[in-house]
S.K.: 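Just dropping this structure here.
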Amino acid sequence: MLYSRYFIPTVKETPSDAEVISHQLMLRAGMIRKLAAGIYNYLPMGLRSIRKFENIVREEMNKADAIEMLMPGVQPAELWQESGRWAFYGKELLRFKDRKDAEFCMGPTHEEVITDMVRREIKSYRQMPINFYQIQTKFRDEIRPRFGLMRGREFIMKDSYSFDVDSQAADKSYDKMYNAYMRIFERCGLNFRAVEADTGSIGGSSSHEFMVLADSGEDAIVSCDSCRYAANVEKAESRIVQENAAGEQATLEKTATPDKKSIADVAEFLGLATDRTIKALVCASDTDEFAMALLRGDHELNEIKLKNALGWNEIRMATEEEVQRLTGSPTGFLGPVGLKEKLLVVADLLVQNMTNAVIGANEKDMHYRNANPGRDFNPDRFVDIRNVVAGDCCSRCDEGKLEMWRGIEVGHVFKLGTKYSQAMNATYLDANGKEQIIFMGCYGIGIGRTVAAAIEQNHDENGIIFPIPIAPFHCSVVAINAKDKGVMAESEEIYLKLEKLGIEVLFDDRDERPGVKFKDNDLIGIPLRIVVGSKGLAEGKVEVKIRATGEVLSLPIEEAIATVQQMVTSALEYKE
RNA sequence: CGGUGAGUAGCGCAGCCUGGUAGCGCACCUGCCUUGGGAGCAGGGGGUCGCUGGUUCGAUUCCAGUCUCACCGACCA
């Protein structure tokens with residue numbers, strides 16, 4: 001490709017609304033441009049990277065016996081009403097009507113459509129296992145799109161759906177996809193973790209997320225420093241270490257804590273560590289059910305765990321007015337003792353063994369000292385509802401401690417069980433001619449998000465450093481002076497030779513000063529660069545520069561070509 | 001939707017407080033010059049100052065409304 005005839009609109013200045021580095025660099029490198037909030041044009045360079053990654057995904061999907069197809073972006077409401085998600089999905093589902101007033105939506109995911117197709121076409125146990133996938137544009141009307149391709153409203157996703165005769169077979173399909181995902185992200189050279197995850201609105205029994213590690217990641221994940229356990233904090237469990245209650249239970253005693261609302265303030269005021277206090281939070285469901293959560297003062301509530309424990313659809317913190325009505329007290333002084341109205345009280349497991357703790361008295365400016373569970377209050381349930389913290393003991397092995405990371409969710413695999421097949425009546429006949437419900441799994445990869453995550457993980461002050469497998473071009477040839485006929489002729493020859501070898505080359509033939517070319521080439525992240533100048537040429541040599549390391553090799557022309565070819569080939573090779 | 005901030009040339013910004021019809025840097029066009037890390041000189045093009053209404057002789061500037069965008073909270077590939 002000739003740079004002068006191609007389209008790479010780079011910019012020097014960072015657009016002011018781009019916050020994370022991948023967004024800034026994709027804009028500056030001319031890969032994407034915003035059309036509307038969370039909706040982007042993929043410019044040629046951006047598209048090339050995306051296609052590269054899509055092809056890796058495609059290869060691994062095919063290898064894992066998934067079959068490619070393509071489903072529509074626009075979907076009829078009936079299917080969603082049938083699965084129950086028309087009501088459940090909320091505003092994220094972009095809905096509209098056609099000229100006949102029939103309701104439709106932009107597909108945010110395709111469980112309904114694929115299940116509909118499968119229930120019509122798959123009739124026998126002989127047709128399974130089967131797994132369909134597509135690489136297609138999704139639309140989710142996110143409340144807050146941000147970070148460029150990281151969280152767009154319109155985005156490209158690879159989604160696949162497996163269909164099996166029973167749960168065991170479905171587990172096998174799941175494992176196959178899990179392994180394919182591992183290979184996909186390994187092939188891209190990404191530093192990632194597969195972690196246990198909450199199933200969220202997709203539903204189903206269990207799932208793993210694939211998280212690219214990056215400080216800008218929106219998810220917190222933990223992993224054990226000793227065994228293979230890793231999980232999203234939403235889901236992560238730690239081993240409960242039962243600390244033995246220290247000392248005798250003292251007498252419950254009401255004490256004034258004027259204006260001390262936060263745990264830190266109360267603890268300081270009473271001269272105690274925060275772990276001797278109990279925090280009480282009032283939560284509400286979407287149907288206005290309420291519950292009080294109790295946690296050790298230094299711990300954080302995990303809303304997902306609480307939501308799941310209560311079987312709620314949604315969870316939110318109660319408003320100040322609701323709290324006042326239920327407890328008779330303003331927030332900051334809440335506790336389980338002497339509640340005004342009957343309220344479900346859920347305590348974290350670690351509250352169980354606390355002795356002589358400080359709790360709110362449900363009265364402005366008042367707390368209790370020496371509160372003891374079992375004696376002074378009896379929670380309805382003890383459940384794990386706290387966020388694990390770094391240093392917690394691993395729940396899966398004896399010696400491990402948990403470490404915390406930030407991650408970008410680039411892939412997610414779910415065991416769906418019969419959630420959709422049951423609702424939509426997708427059945428087959430088994431060997432005995434008996435009708436059975438199909439078992440499903442679904443698997444997604446954010447294509448654009450993975451490219452953004454790769455940039456997030458691979459860049460320096462000069463720009464992007466693409467891993468070769470997903471780089472828009474493998475190599476560039478930079479002619480130092482476009483007016484120097486000898487330099488241009490030699491550059492062109494190298495360019496053509498490399499192309500003949502199957503290397504994807506960007507030939508920077510522009511009549512620009514060298515500095516401009518170097519800056520642009522660094523910014524757009526081409527992994528390898530051959531620089532052709534008149535001085536080197538006088539000795540029959542050109543330079544090979546490696547973007548990632550900054551290493552420069554001065555080599556005879558043929559050797560330079562061979563070096564580039566060898567580097568590209570070895571980078572594209574996947575070692576099992 | 002709630003909270004915060006911003007809308008002035010393609011991008012990054014100034015001007016607004018103290019009304020008088022708009023400016024800087026980059027980018028773009030022409031010419032000269034230059035060619036190993038975003039050069040220099042000269043000339044040039046480009047703006048209904050987000051939109052609507054009000055106040056005023058006169059509004060980018062003051063007032064009201066409205067739209068859009070970004071950031072902080074719940075969702076997710």
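The structure presented is a predicted model; accordingly, all values stated were derived computationally and were not measured. The sequence lines fix the lettering, A, B, ..., with proteins before strands; numbering per chain opens at 1.
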S.K.: What contact category does A:Asp219 fall into here, base, sugar-phosphate, or nothing, at under 4.0 angstrom with non-hydrogen atoms?
M.R.: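 The residue A:Asp219 makes base contact.
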
S.K.: Taking any heavy-atom pair under 4.0 Å as a contact, classify A:Lys483: base, sugar-phosphate, or nothing.
M.R.: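 Base: the residue A:Lys483, judged by heavy atoms under 4.0 Å, touches a nucleobase.
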
S.K.: Tell whether A:Asp520 reaches the base of B:G38 with its side chain through a donor-acceptor pair below 3.5 angstrom.
M.R.: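 Yes, the side chain and the base share a sub-3.5 Å donor-acceptor pair.
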
S.K.: Parallel, tilted or perpendicular: which describes the rings of A:Phe414 and A:His412, with under 30° parallel and over 60° perpendicular?
M.R.: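 Because their plane-to-plane angle is under 30°, the rings of A:Phe414 and A:His412 count as parallel.
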
S.K.: Does any donor-acceptor pair link the side chain of A:Lys519 with the base of B:G36 at a separation under 3.5 Å?
M.R.: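 In this structure, the two groups form no donor-acceptor pair.
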
S.K.: I need the CD1-P distance between A:Ile304 and B:C75, as an integer number of Å.
M.R.: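 Roughly 5 Å, once rounded to whole Å.
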
S.K.: Between the base of B:C71 and the side chain of A:Asp17, is one N or O donor paired with an acceptor at under 3.5 angstrom?
M.R.: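 Such a pair does not exist between side chain and base.
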
S.K.: Of the nucleotides B:C72, B:C76, B:G38, which one has an atom closest to the side chain of A:Thr10?
M.R.: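 When the side chain of A:Thr10 is considered, B:G38 is the closest of B:C72, B:C76, B:G38.
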
S.K.: Under 4.0 Å, heavy atoms only, any strand: does A:Gly463 hit a base, just the sugar-phosphate, or nothing?
M.R.: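 If one applies the 4.0 Å heavy-atom cut-off, A:Gly463 turns out to touch nothing in the nucleic acid.
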
S.K.: Please confirm whether any donor atom in the side chain of A:Arg151 sits under 3.5 Å from an acceptor in the base of B:C75, or the reverse.
M.R.: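 Answer is yes: a donor-acceptor pair is held.
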
S.K.: Do NZ/NE/NH1/NH2 and the carboxylate oxygens of A:Lys279 and A:Asp298 come within less than 4.0 Å?
M.R.: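 Salt bridge flag = no for A:Asp298 with A:Lys279.
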
S.K.: Across the strands shown, which category fits A:Arg316 at heavy-atom distances under 4.0 angstrom: base, sugar-phosphate, nothing?
M.R.: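 Nothing, no nucleic acid heavy atom in range.
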
S.K.: Quick one: does A:Arg140 reach the base of B:C76 with a side-chain donor-acceptor pair under 3.5 Å?
M.R.: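 Checked by distance alone, the answer is no.
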
S.K.: Classify the side chain of A:Arg529 and the base of B:G37 as holding, or not holding, a donor-acceptor pair under 3.5 Å.
M.R.: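 By the distance-only test, yes, there is a pair.
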
S.K.: Taking only side-chain N and O atoms of A:Lys12, does any of them lie within less than 4.0 angstrom of OP1 or OP2 on B:A27?
M.R.: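 Affirmative; the distance criterion is met.
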
